[in-house]
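Inspection log for the structure reproduced underneath, given as structure tokens.
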Number of protein chains: 2
Amino acid sequence: MRSAIEMFPRQEKLSEADGPQYLALRDHIALNIEIGRLLPGSRLPSERQFQSEAGIARGTIRQALSQLEAEGLIYRRDRSGWYVSPPAITYDPMRWAGFMAYVAEQGRVPATTTLEKSIRPATAALADIFRVAPGASLYEIRRRRMIDGRSVLVERITVDPALAPDLLSHSLDGSLTDILKSEYGVTVARNRVDMRPCALVRDAAEALGVHSGTPGLLVVRTSFDASGRVVEYDQEYWRHDAIRVHVDLTVREETIPPK
Amino acid sequence: MRSAIEMFPRQEKLSEADGPQYLALRDHIALNIEIGRLLPGSRLPSERQFQSEAGIARGTIRQALSQLEAEGLIYRRDRSGWYVSPPAITYDPMRWAGFMAYVAEQGRVPATTTLEKSIRPATAALADIFRVAPGASLYEIRRRRMIDGRSVLVERITVDPALAPDLLSHSLDGSLTDILKSEYGVTVARNRVDMRPCALVRDAAEALGVHSGTPGLLVVRTSFDASGRVVEYDQEYWRHDAIRVHVDLTVREETIPPK
DNA sequence: GAGTGGTCTAGACCACCTT
DNA sequence: AGGTGGTCTAGACCACTCA
């Protein structure tokens, strides 16, 4: 059996210069990706193929693959194989026009699946954000979003029913911002965005079909209308290799720090 | 020998309910951190202590620890041990007043080490950014910055000598923005910030004293003055557990997409 | 049903940090 | 000098995917 992509043509050797073996293998695979011998979306040889071709223990192979995954160069599909990562999408919280429009604008194919719509009592944290009483009813929407057929984020959106009564009866597979605008006349005047690297675990990992512990990016977006009411509170868990954030802004003069 | 922090008091067992062992151990350690039995900065028991106390193979222990590292809950000091991560610092590109001021404002102790100052010929990419001829001389500064004694980022700053002649003769261990302002009258009117999750490898990993492949966040900041000239081009490699990004902005109306 | 990655074991030797 | 994490081996069995 011969791999579709020949990773070690003509008994090509890994450089033995210095450093650990797994980094040498990492470099070898990374090079193959850079020069285009391995294209985005294509599958790498199996771990056991590497094992026999490179003569390295499987644990070491997996170390190299995990390193490449951490760098965002490759990703895994559970019990299927390792694949070269497609390019990341650029996310601009300032020009945010909705995921669907955004992804399409960059020449990719977006898709959305609504995982769950529910009414939930406000937790203490959410009550504080929405300025409602703890335990008050809030809409909660969980969605998964895809680019070119690959799941790239899961999100949990919270909306105050007072602003958008009967919201859950609409189809939420498109742009929520559009629905809020066209159906309820609610527009976003201000966005507060928090971002931090995280790991995708448990629910998020399961929904994205990724290995628990895969690195990710958590983007929390709080949208306000012109009168300062919270329109939407959105927690997005992104695959780390699928997103780049771009912000272009004029510098605000240092004033009294807000509290 | 008894560990300073008793992780398994009274023969406490790991939950055997379901899922892999390494996640059970992860949960166990995470719980100890949450309830404050393990405080930020404190050292975890050694891998071999876990091995004997929990009766699990060392490879499995390391899997649990790596997971916690990916989540940002713990970090390692090379060949010294595993430690509980301190809280992250909040970074606001809009209110950027310099790392030193910023960190101090959040009650932490900042420090900066200049690793290298040099004059380098502009690469094609840099020439394009600064609108100079390829090969033209540019200042390059490499610095490492610390919070409470822990290295959290390394950066590579590029400045056009035309805007700040003789810049390298100044001490660069403080705020570069301050120097540009007070010594050269250059102020920043606009910032372009790009962020993406990455892995810390090679130089960056070495400078931060982290394991190659540790997750990180790359922040690229391009600063412009009022006339649109590039003042500073800064690539910052952050430890992923040390930073949160916060942006608060008014939504820009959709206009012609810039190209 | 064959092949894949996911998990786990029980060792080993090394480079380096710490005291 | 002793202990630590870093690397690596050579197996094993399992759950799951895919054809």
Side-chain angles (χ1 to χ4, degrees), chain A residues 1-5 14 16-27 29 42-70 74-83 149 200-202 205-206 209-214, chain B residues 1-5 14 16-27 29 42-70 74-83 151 200-202 205-206 209-214:
Chain A
M1 176 73 85
R2 198 167 158 282
S3 56
I5 306 287
L14 296 178
E16 305 166 7
D18 51 357
Q21 290 184 39
Y22 77 88
L23 282 183
L25 177 57
R26 175 238 162 260
D27 291 345
I29 299 173
S42 64
R43 224 191 88 174
L44 269 61
S46 77
E47 295 175 3
R48 287 171 177 86
Q49 274 170 28
F50 275 122
Q51 195 177 350
S52 59
E53 286 179 28
I56 300 176
R58 191 167 152 233
T60 306
I61 307 278
R62 285 176 65 80
Q63 226 176 327
L65 294 170
S66 296
Q67 165 101 26
L68 287 161
E69 182 191 40
I74 66 175
Y75 69 101
R76 49 180 121 181
R77 292 223 303 258
D78 195 55
R79 267 165 269 258
S80 159
W82 296 84
Y83 298 81
L200 303 173
V201 294
R202 313 247 179 278
E206 194 180 348
V210 304
H211 186 82
S212 180
T214 303
Chain B
M1 176 74 84
R2 198 167 156 282
S3 55
I5 306 290
L14 296 178
E16 305 166 5
D18 50 357
Q21 289 183 40
Y22 77 88
L23 282 183
L25 176 57
R26 175 239 161 259
D27 291 345
I29 299 173
S42 65
R43 224 192 89 175
L44 270 61
S46 77
E47 295 175 3
R48 286 170 178 88
Q49 273 171 28
F50 276 121
Q51 195 177 348
S52 58
E53 286 179 27
I56 300 176
R58 193 170 150 228
T60 306
I61 307 278
R62 286 176 63 80
Q63 226 176 326
L65 294 170
S66 296
Q67 166 101 27
L68 287 161
E69 182 192 39
I74 66 174
Y75 69 100
R76 50 179 123 181
R77 293 223 304 260
D78 195 54
R79 266 164 270 256
S80 158
W82 295 85
Y83 299 80
S151 299
L200 303 172
V201 295
R202 313 252 179 274
E206 195 179 346
V210 304
H211 186 84
S212 180
T214 302

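Values in this document were obtained by computation on a predicted structure and should not be read as measured data. In what follows, every chain begins at residue 1, and chains take the letters A, B, ... in the order their sequences are listed.
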N/O-N/O pairs, protein side and nucleotides 16-19 of chain D side, under 3.5 Å:
| from | atom 1 | to | atom 2 | distance (Å) |
| --- | --- | --- | --- | --- |
| D:dC16 | O4' | A:R79 | NE | 3.4 |

Over all heavy atoms of both residues, which pair between B:S212 and B:R202 is shortest? Give the atoms and the distance, please.
-> OG-N, 4.0 Å
Quick one: list whatever passes ring-ring contact (aromatic ring centres under 6.0 Å, His included) with A:Y22, sequence neighbours left out.
-> none
Verify side-chain hydrogen bond (donor to acceptor under 3.5 Å, both in side chains) between B:W82 and B:E47, making sure each step is shown before the conclusion.
-> CA-CA 9 Å; B:W82 295 85; B:E47 295 175 3; 3.0 Å; yes
Is the NZ or CZ atom of B:R77 both under 6.0 Å from the centre of the six-membered ring of B:Y83 and within 45° of that ring's axis?
-> yes
A:I29 side chain near A:F50 side chain, heavy-atom distance below 4.5 Å | yes
Atom CD1 of A:I74 and atom P of C:dG5 are separated, to the nearest Å, by 10 Å
Whole angstrom is fine here: how far is it from CD in A:Q67 over to C1' in D:dT7?
-> 13 Å
Can a side chain N or O of B:R76 be found less than 4.0 Å away from OP1 or OP2 on D:dT4?
-> no
What are the two closest heavy atoms between A:A70 and B:G213, and how far apart are they?
-> CB-O, 3.7 Å
What is the distance from atom CD1 of A:I74 to atom CZ of A:R26, rounded to the nearest 0.5 Å?
-> 10.0 Å
How many Å lie between CG on B:L65 and P on D:dG6, as a whole number?
-> 9 Å
Is the closest side-chain heavy-atom distance between A:R76 and A:S66 below 4.5 Å?
-> yes
Taking all non-hydrogen atoms of both residues into account, name the closest pair between A:A64 and A:L25 and its distance.
-> CB-CD2, 3.8 Å
How many Å lie between CG on B:L44 and C1' on D:dG5, as a whole number?
-> 13 Å
Atom pairs under 3.5 Å: protein N/O with N/O of nucleotides 9-13 of chain C:
| from | atom 1 | to | atom 2 | distance (Å) |
| --- | --- | --- | --- | --- |
| C:dT9 | OP2 | B:A57 | N | 2.8 |
| C:dT9 | OP2 | B:T60 | OG1 | 3.0 |
| C:dA12 | N6 | B:R58 | NH1 | 3.4 |

N/O (side chain, B:H211) to phosphate O (OP1/OP2, D:dG6) under 4.0 Å = yes
Atom CD of A:Q49 and atom C1' of C:dT4: how far apart are they, to the nearest Å?
-> 10 Å
Starting from C1' on D:dG3, measure out to CH2 on B:W82 and report it in whole angstrom.
-> 16 Å
B:S46 vs D:dG3: side-chain N/O to OP1/OP2 distance below 4.0 Å = no
Find the distance B:L23:CG to C:dC8:P and express it as a whole number of Å.
-> 8 Å
Is any side-chain N or O of B:Y22 closer than 4.0 Å to OP1 or OP2 of C:dT7?
-> yes
Between P of C:dC8 and CZ of A:R62, the distance in whole Å | 11 Å
